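Everything below concerns the one structure shown next.
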Amino acid sequence: MSLEEEMRAARANFSVEAADLLVAIESGLLELEHGDPEQADPETVNSIFRAAHTVKGSAGLFGLDDIVAFTHVMESVLDRLRDGKIEVSRELVGALLPCTDHLGLLINDLSSDAEPTADHDHGRTLLVALQPFIEDTPAPVAGASTDATTDGSGADPASDGAGDGRLHLSLRFGPDLLRGGMDPLAFVSYLASTCEILAVTPMTELLPAADDFDAESCYLALEVTLRTEDTPEAILDVFEFVREESDIRVLPVGAGAAPFVDLVQSYGEHADAVRAVLVRHGVLDASALDAAPGGGTPPPDVAPASTAAAPDGAAAPAPTAERRSGTERRGGPVPAQRGSTETAAAQYIRVDADRLDRLIDAVGELVIAGAGASLRAALTGDEPLETAVAEVMRLVEEVRDNTLQLRMVPIGTTFSRFQRVVRDVSAALDKDVSLVISGGDTEVDKALVEQIGDPLMHLVRNALDHGIESREARAAAGKPDRGTLRLNAFHDSGSIVIEVSDDGGGIDPAVIRAKAVERGLIAPDATPSDAEILMMIFEPGFSTKQQVSDLSGRGVGMDVVKRNVTSMRGTIDVDSRSGLGSTFRIRLPLTLAIIDGFMVGVGNASFVIPLDRVLECVELPQGGRGSVMDLRDEVLPYVRLRDMFAIGGEAPRRENVVVVEYAGTKTGLVVDALRGEFQTVIKPLGPLFEHVEGIGGSTILGNGDVALIIDVPMLVQHAGQDLGARAGRTPAVSPAG
Amino acid sequence: MTRTRSPRRSAARAAGDRPARLEIGEELTMSTAAEQAGRLLADLAQLDPAPQTGAEVTLDLSAVPELDTAGLQILLLLRREIVARGWRPVLTASEPVTQVLAVAGLSPQTWHEVTA
């Protein structure tokens, strides 16, 4: 791999990781906002800070100056939050959240060749909004980057390295830097290319005795004096990535002796050596070092700018002292963070989704081939062979299950994204809504997770906009001010069910009915059930809200949601109680790839019914020619697959009924022969057959024949409609979907 | 780690009135640091016959193509050891080494000026 390719790969990696960190920042901020502001969890604040800090540090490695500068300001605010200088407030979170969005755009732009989407003017506006949270700081931590990115703040004289333009750098590099692949000298080389280096002295005193010398530990300490137009903060940023484990100090020369006294003292037994170096560098004269033991009084030659910035003389050395203590503080949480990333690396590996898909595809073929081998083996009547094949099949099934498991991800991550949506949308609507998430660890196929985002988004927005009433309406109805939106997920007989419910006003069937009549969807004198009426909101172009709002009701209606869900082989239905709220329920298959099927035969054709839908098999009672039968005193509507798919030939004398269930509705499928359980890989039908109702896909049998996979929900619906039509529009079962 | 030994990296000799020399013939970087440090310290301890007090001991880096922090601190350690034995440290350096030394405020010309 060429260096260029490596860099590109590393940058791509950075984008991915930074995106993850941004998600962490966002959810952390939301968590803070939801919590008691008085008792903001320090760990949450810390983790947000660390995430921002890591983004900044990594961006610095790639020289992504705009990201570094932007994140720096955010980090400054978070640092102050961490120090308790500012408190968690809606305003603070409200100012920081758009910053994470902007940062997301900046990072996104890295990985795409398209026109940049991030608007830098917008970024500046966002940073200006952060200023109130930084402004009263005595230590202008953000000076360096706000200088470039915001108006005015750079004028803060205290951040301009008050002094004579010289800076003294005391660099004691951390012992593990070399092992970490860093070359500390490179930092100094870099500085030499941008600044005028006046003097450098390596502090050889810190080298251990020859016997204790570990050639792979870093003992390098350098005292560097340079002249630069950059601020101390900008210089400090050069060492961004090693700062945590090193003692890096950037001290303005001529702006007070206290930091130097502190520096000398920090050298402990080698204090004299460093003092001599400082004097030799002309940074301070020996008397000045002695004259300021307390560190309080700056020497008389303090630059006027610094005095002006700090009315009380003691504040003049504060910038450096403050910054350094900041550095030391940061030393604390970072090892912990590194530890956690390492654990995370041990637990997860990132796998290219394509590779995973290829694996699943191959396993699918294996299952088919295995079924074929199994069939052949059964024909030979060779018992040991059959046993061996059965064992292979058992293992194949295990491999299949484990492989499919690889694609399963908890739906919680998808859910938690909606925290932000709920926050923003409810704020825009001036409603107070809390989002309650349950069943977040319910696992679902990754492909579905990706596709479910849009429909869920619409449902959530819809619930916020149309579902939950205004504050006044809630008060009038005697409900608590704060509305509740729930996202719930659970597994139910081979499906995953996702519920979006609100405690709002519910859907009034009368309104829907009136609307449906108005749109000509139903005849004015029709008397559909409430359940049927509610399902009408999924009809195209159906919006009940009189006022078209900014959020929903833009013509992208529930019909789109339904179409999306249907395309995932899922269904959607709605429960609503007037005044109490509504629940939208999406049912999706767990996976799209492989199913356990039950094979049946009709004439010469084979069909596969997903096994998780099959309840039982019974013989069709003789003589009944209608479309319902009596199943233990229960009315069971049934469909003849022979009629349904227009298969010719005579039905055998004894026909069988496979009883299937979907969403609480039972239906019988009449077939000629029952051929038993069969594991199968779903192959999509070509585009030509995409719209054939009742068929969900195809599969290849062990003997090479093609079997069609029955789309049970569709058939159940069909049976229900037939029955409904027969019973004069008062269906005994309410069809789902 | 086994590395093929370059012929130039022969052990130091201080035979007769020739000045004592420690030669380094390959890069002095993180990848060679552990091995080189051990060897050079051992060579230094075995200078035979031991130079007299005040005699020059030369670190010959004229064939070293690359130096980094790990290498630099070995040089600094060697210099301190040489000074501690009462000898005068001398350094000859290739152009790349000279450049790296300059970054750390050092040079072959002033190698003997040890402050501590």
Side-chain angles (χ1 to χ4, degrees), chain A residues 169 171 173-193 195 197-226 242 246 267 269-281, chain B residues 1 3 22 24 26-47 57 59 66-85 87 89 91 96-107 110-116:
Chain A
L169 278 58
L171 315 170
F173 295 104
D176 292 325
L177 290 187
L178 298 179
R179 277 184 282 265
M182 301 269 183
D183 186 2
L185 274 179
F187 295 106
V188 186
S189 298
Y190 169 76
L191 284 178
S193 68
C195 312
I197 306 273
L198 301 172
V200 184
T201 305
M203 300 303 292
T204 50
E205 291 75 11
L206 299 185
L207 283 171
D211 289 344
D212 299 330
F213 183 81
D214 171 2
E216 295 186 349
S217 279
C218 182
Y219 304 106
L220 188 70
L222 294 170
E223 295 295 320
V224 181
T225 304
L226 51 81
V242 297
S246 310
Y267 263 88
E269 54 173 321
H270 304 299
D272 288 344
V274 73
R275 195 198 316 265
V277 168
L278 290 178
V279 172
R280 205 168 66 240
H281 282 204
Chain B
M1 190 166 75
R3 292 181 73 96
L22 295 180
I24 300 151
E26 60 177 5
E27 61 175 271
L28 197 53
T29 62
M30 186 63 181
S31 59
T32 60
E35 189 199 1
Q36 289 277 26
R39 180 189 68 92
L40 289 165
L41 283 169
D43 286 353
L44 186 67
Q46 290 163 14
L47 279 180
V57 175
L59 292 176
E66 196 184 345
L67 181 73
D68 67 2
T69 302
L72 174 70
Q73 58 187 22
I74 293 175
L75 295 183
L76 292 173
L77 180 75
L78 287 170
R79 181 173 72 167
R80 198 179 67 189
E81 293 295 311
I82 291 167
V83 171
R85 287 168 164 83
W87 302 323
L91 184 77
V97 170
T98 307
Q99 282 174 8
V100 174
L101 289 175
V103 171
L106 300 164
S107 83
T110 60
W111 186 248
H112 59 280
E113 292 173 12
V114 184
T115 50

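Per chain, numbering begins at 1; letters A, B, ... match sequence-line order. This structure is a prediction, so every number in the text was calculated from the model and none was measured.
Proximity to chain A is limited to the side chain of B/A37, based on heavy atoms less than 4.5 angstrom apart. Looking at A/F213, only its side chain comes within 4.5 Å of chain B, counting heavy atoms on both sides. Residue B/L72 touches chain A through its side chain alone, counting heavy-atom pairs closer than 4.5 Å. When heavy atoms are compared at a cutoff of 4.5 Å, B/E81 approaches chain A solely by way of its side chain, counted from C-beta outward.
Between chain B and the residues A/L178, A/V188, A/L222, the most heavy-atom pairs under 4.5 angstrom are made by A/L178. Interface summary for chain B: among A/A192, A/C218, A/A276, A/A186, the most heavy-atom pairs under 4.5 angstrom belong to A/C218. Ranked by non-hydrogen atom pairs under 4.5 Å with chain B, the options A/A209, A/G181, A/P208 are led by A/P208.
Taking the side chain to side chain donor-acceptor pair (under 3.5 Å) definition, one finds that A/S189 meets it with nothing, sequence neighbours left out.
Pairs passing the salt bridge (Lys or Arg N to Asp or Glu O under 4.0 Å) check and including a residue from residues 173-190 of chain A, sequence neighbours excluded, read A/D176-A/R179, A/R179-A/D214.
A donor-acceptor pair is defined here as one N or O able to donate and one able to accept, closer than 3.5 Å; no such pair exists between the side chain of A/T204 and the backbone of B/L76. No side-chain donor-acceptor contact under 3.5 Å links A/S246 to the backbone of A/F173.
Of all the heavy atoms in A/T225 and A/H281, the pair that sits closest is OG1-ND1, 2.8 Å.
The distance from the CE atom of A/M203 to the OH atom of A/Y267 is 4.5 Å, given to the nearest 0.5 Å.
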